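The structure under discussion appears below in the form of structure tokens.
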Number of protein chains: 2
Amino acid sequence: MKAKNNKFTETQQLISKFANALANPVRISILELLADRSCCYHGDLSAELPIANSTLSQHLKVLKDAGLIQGEINPPKTKYCINPENWGLARGLLTGFFDKKIYSYKCD
Amino acid sequence: MKAKNNKFTETQQLISKFANALANPVRISILELLADRSCCYHGDLSAELPIANSTLSQHLKVLKDAGLIQGEINPPKTKYCINPENWGLARGLLTGFFDKKIYSYKCD
DNA sequence: TCATTTATTCGTAAACTTACGAATAACAGA
DNA sequence: TCTGTTATTCGTAAGTTTACGAATAAATGA
């Protein structure tokens, strides 16, 4: 079945959704800081990153909408962490995508 | 050293660059079709994908600029294929990114 | 109650993305 | 040379992203 008829598979859409969340160096930094737990709070991240607070909130929203992180609001602070289930899903999908066999590497 | 001072590392920028190339389901489809060699030419891809030729050219350009594919022009046809070196680089970077240890999964 | 701290939302501007059809280019073959 | 085939580039429109500062919200502590 052609992509033309079905548009795109669920997997293709998920891969592109996760890739989109990773498609910005600020967000890569955020994920690294959260992953190694050197930051947990918005304020911690803000101190490390070269962007305004409001911009940071936007990036956190993108990551949250993609499901890669979760936030726990305890005003006036918000604690963030990696969402382990979706992190694993993203890893599996991306790994699977890149591990596919590439036939006939060279244009010939 | 803080990201704030250095802006971003080379690796962070590379990861986001590759992720950006993957951040669209059309481009995921293109890469899958090229990877399993069911398509090689612009025309083959065009027959499979629900977009105009000119839009396909744009997506191919994004993938080429990211280094994930290469094209060989033999007018009036153009043959495309995966760029194996950069494909391997992207796989390594993305895999490395996701394989990092996640400390203390849960917000607590 | 009022001020402080922390983070988000709002308003806005600039840049980028995605899409299309029309125009163009580049060669093969009649 | 003229025509047909294939793909790219151009021009354009609509929508999205990224960025900032100002305004707002939500609790704590004075």
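Throughout, a chain's letter reflects where its sequence line sits, starting with A, and its residues are numbered from 1. Worth knowing before you read on, the calculation uses all heavy atoms, side chains too, and leaves out hydrogens, waters and symmetry mates. Quantities reported herein were computed from a predicted structural model and do not represent experimental measurements.
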For nucleotides 19-25 of chain C, give me every protein contact, N/O to N/O, under 3.5 Å, one pair per line with atom names.
unit_1 : atom_1 : unit_2 : atom_2 : d
C:dA19 : OP2    : B:H59  : NE2    : 2.4
C:dA19 : N7     : B:Q58  : OE1    : 2.8
C:dA19 : N6     : B:Q58  : NE2    : 3.3
C:dC20 : OP2    : B:A52  : N      : 2.8
C:dC20 : OP2    : B:T55  : OG1    : 3.1
C:dG21 : N7     : B:S54  : OG     : 3.2
C:dG21 : O6     : B:S54  : OG     : 3.0

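Rounding to whole angstrom units, NZ of residue B:K61 and C1' of D:dT8 are separated by 11 Å. As rounded to whole Å, 13 Å separates atom P of D:dT5 from atom NZ of B:K77. Going from atom OH of B:Y41 over to atom C1' of D:dT6 covers 12 Å, rounded to whole Å. Per the geometry, CG belonging to A:L63 stands 16 Å off P belonging to C:dA7, to the nearest Å. For A:E72 and C:dA7, the CD to P distance is 13 Å, given to the nearest whole Å. A straight line from CG of B:L60 to P of D:dT8 spans 6 Å, rounded to a whole angstrom. Computed from coordinates, the A:L22 CG to D:dT17 P distance equals 15 Å when rounded to whole Å. Counting to the nearest Å, the P atom of C:dT17 and the CG atom of B:N20 are 6 Å from each other.
We find the CG-NE2 distance between B:N53 and B:H42 to be 3.5 Å, quoted to the nearest 0.5 Å.
Put simply, the side chain of B:E72 reaches to within 4.5 Å of the side chain of B:N74, judged on heavy atoms. Looking at heavy atoms from C-beta onward, A:K64 lies out of side-chain contact with A:Q70 at the 4.5 angstrom threshold.
If you check every strand for non-hydrogen atoms under 4.0 Å, B:S57 touches a base.
Applying the 4.0 Å criterion to OP1 and OP2 of C:dT8, one finds that A:Y80 has a side-chain N or O inside that range.
For B:W87 against B:L68, the heavy-atom pair with the smallest separation is CA-CD2, 4.2 Å. Minimum heavy-atom separation, A:Y80 to A:G71: CD2-CA, 3.6 Å.
The residue among A:V62 and A:N74 whose nearest nucleotide of DNA chain D lies closer to the 5′ end is A:V62.
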Pairs of donor and acceptor atoms involving the side chains of residues 16-26 of chain A, under 3.5 Å and at least two apart or interchain, shall be tabulated with distances.
unit_1 : atom_1 : unit_2 : atom_2 : d
A:S16  : OG     : A:Q12  : O      : 3.1
A:S16  : OG     : A:Q13  : O      : 3.0
A:N24  : OD1    : A:V26  : N      : 2.8

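Residues forming a side-chain contact (heavy atoms from CB on, under 4.5 Å) with B:S54 (at least two apart in sequence, or on another chain): B:A52.
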